[in-house]
**Q** 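My questions all concern the structure below.
Labels below follow one simple rule: chain letters A, B, ... track the order of the sequence lines, proteins then strands, and each chain is numbered from 1.
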Amino acid sequence: MRTARIVEVEAYLGGRDPASHAYRGPTPRTAPMFGPPGRSYVYFVYGMYHCLNVVTESDGVAGAVLLRGAEPLAGFEAVEPSALAGPGKLARGFGLTTEHTNLDLVRSILTIRDAPTVPTWRVARSVRVGLNEHATTNKPWRLYVRGSSGVSRT
DNA sequence: CGAATGATCCGA
DNA sequence: CGGATCATTCGA
């Protein structure tokens with residue numbers, strides 16, 4: 001089993017967030033974002049990368065958190081500490097594809113477990129990265145563990 | 001149908 | 001900064 005510690009995330013909302021895939025209403029691809037919380041939303045971009053999100057809002061309300069970086073803990077054979085630093089690399093490291101969208105993250109082959117609380121002083125905030133200017137909100141909706149090797153380069 | 005585009009990454 | 005590379009989405 002492969003395990004890793006999540007160290008970088010970004011929040012995406014629904015109708016009020018122009019950067020969100022849910023901005024213009026549900027589509028077959030984004031349906032999980034409008035579903036019940038605690039499930040996965042995996043999408044394919046740039047013809048070669050997958051990204052993993054955790055659906056967060058109640059059923060019928062769009063909202064998700066993009067997992068952008070993690071530190072490998074176990075199950076990864078001889079990988080660099082930065083192997084999961086970045087949303088595309090994280091999904092690839094876990095072998096995720098669109099087959100893994102809409103999975104129950106509490107009980108399925110893909111789960112998220114509780115972990116020791118990260119001290120507030122280790123958490124940094126910033127604006128989200130990788131968005132086109134038109135969609136940027138300039139809200140500090142990216143959170144990451146300061147100094148972690150699992151944080152994507154920006 | 002065709003065309004545009006993107007919540008990325010890497011290398012120069 | 002540009003290229004890789006293609007599913008998804010939107011307009012005609």
**Q** Find the distance A/Leu96:CG to B/dT8:C1' and express it as a whole number of Å.
**A**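 From A/Leu96 CG to B/dT8 C1': 15 Å.
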
**Q** Once you apply a heavy-atom cut-off of 4.0 Å, does A/Leu66 come out as touching a base, just sugar-phosphate, or nothing?
**A**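 Base, at least one base heavy atom under 4.0 Å.
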
**Q** Classify A/Asn53 by what it touches in the nucleic acid, base, sugar-phosphate, or nothing, heavy-atom distance under 4.0 Å.
**A**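 A/Asn53: base contact, heavy atoms under 4.0 Å.
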
**Q** Write down the distance between NE2 (A/His50) and P (B/dC9), rounded to a whole number of angstrom.
**A**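 Result: 13 Å.
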
**Q** Once you round it to whole Å, what is the distance between P of B/dC9 and CG of A/Leu131?
**A**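 Roughly 13 Å, once rounded to whole Å.
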
**Q** Has A/Arg29 got its NZ or CZ under 6.0 Å from the middle of the six-membered ring of A/Phe44, at an angle within 45 degrees of the ring axis?
**A**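 The answer is no; the distance or angle limit is not met.
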
**Q** Judged by modelled atom types alone, do A/Thr27 and A/Thr30 share a side-chain donor-acceptor pair under 3.5 Å?
**A**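 There is such a pair between these side chains.
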
**Q** For the residue pair A/Ser148 and A/Glu71, confirm or rule out a side-chain donor-acceptor distance under 3.5 Å.
**A**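 A pair is found: one side chain offers a donor N or O, the other an acceptor, under 3.5 Å apart.
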
**Q** Can you tell me which nucleotide in B/dC9, B/dG6, B/dA7 comes closest to the side chain of A/Tyr41?
**A**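 Of the options given, the side chain of A/Tyr41 lies nearest B/dA7.
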
**Q** What's the CZ-P distance between A/Arg128 and B/dT8, to the nearest Å?
**A**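 Rounded to the whole Å, the gap is 11 Å.
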
**Q** Checking contacts here: which listed nucleotide (C/dA7, C/dT5, B/dC10) is nearest the side-chain heavy atoms of A/Phe44?
**A**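 Ranking C/dA7, C/dT5, B/dC10 by closest atom to the A/Phe44 side chain puts C/dA7 first.
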
**Q** Can you measure from CG (A/Leu66) to CG (A/Asn53) and round to the nearest 0.5 angstrom?
**A**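 These two atoms lie 5.0 Å from each other.
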
**Q** OP1 or OP2 of B/dT8 less than 4.0 angstrom from a side-chain nitrogen or oxygen of A/Arg68, does that happen here?
**A**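 Yes, because at least one side-chain N or O of A/Arg68 sits under 4.0 Å from OP1 or OP2 of B/dT8.
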
**Q** Which base sits across from C/dT5 as a Watson-Crick or G-U pair, both distances under 3.5 Å?
**A**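 Its partner: none found.
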
**Q** Take A/Arg142 and A/Val151 through the test side-chain contact (heavy atoms from CB on, under 4.5 Å) and record every step on the way to the result.
**A** CA-CA 11 Å; A/Arg142 169 173 176 256; A/Val151 173; 3.5 Å; yes

**Q** Just the rounded figure in Å: distance from C1' of C/dC1 to CZ of A/Arg153.
**A**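 These atoms are roughly 13 Å apart.
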
**Q** Can you check whether A/Tyr46 stacks with the B/dG6 base, using ring centres under 5.5 Å and planes within 30°?
**A**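 No, aromatic ring not over the base.
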
**Q** Using the C1' atom on both, measure B/dT5 against C/dG2 and round to a whole Å.
**A**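 Those two atoms are separated by 16 Å.
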
**Q** So which protein nitrogen or oxygen atoms get under 3.5 Å of nucleotides 9-12 of chain C's nitrogens or oxygens?
**A**
{"unit_1": "C/dT9", "atom_1": "OP1", "unit_2": "A/Thr27", "atom_2": "OG1", "d": "2.2"}

**Q** Measure the spacing between CG of A/Leu143 and CD of A/Glu10 and express it to the nearest 0.5 Å.
**A**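 A/Leu143 CG to A/Glu10 CD: 9.0 Å, rounded to 0.5 Å.
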
**Q** Rounded to whole angstrom units, what separation is found between the CG atom of A/Leu90 and the C1' atom of B/dA7?
**A**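 In whole Å, B/dA7 C1' lies 13 Å from A/Leu90 CG.
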
**Q** Give one of base, sugar-phosphate or nothing for A/Gly47, where a contact means two heavy atoms less than 4.0 Å apart.
**A**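 Base contact.
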
**Q** Starting at CG of A/Asp17 and ending at C1' of B/dA7, how long is that distance when rounded to a whole Å?
**A**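 A/Asp17 atom CG is separated from B/dA7 atom C1' by 10 Å.
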
**Q** Measuring from A/Met33:CE to A/Tyr12:OH, what's the distance to the nearest 0.5 Å?
**A**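 If I round to the nearest 0.5 Å, the distance is 9.5 Å.
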
**Q** Quickly work out the A/Met33 CE to C/dT8 C1' distance and round it to whole Å.
**A**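 For the pair A/Met33 CE and C/dT8 C1', the rounded distance is 16 Å.
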
**Q** Using modelled atom types and a 3.5 Å cut-off, is there a donor and acceptor pairing between side-chain atoms of A/Arg125 and backbone atoms of A/Pro140?
**A**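 Yes, A/Arg125 side chain to A/Pro140 backbone: donor-acceptor pair under 3.5 Å.
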
**Q** Could you tell me which nucleotide pairs with B/dA7 by Watson-Crick or G-U wobble geometry, both distances under 3.5 Å, or answer none if nothing does?
**A**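 Its partner: none found.
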
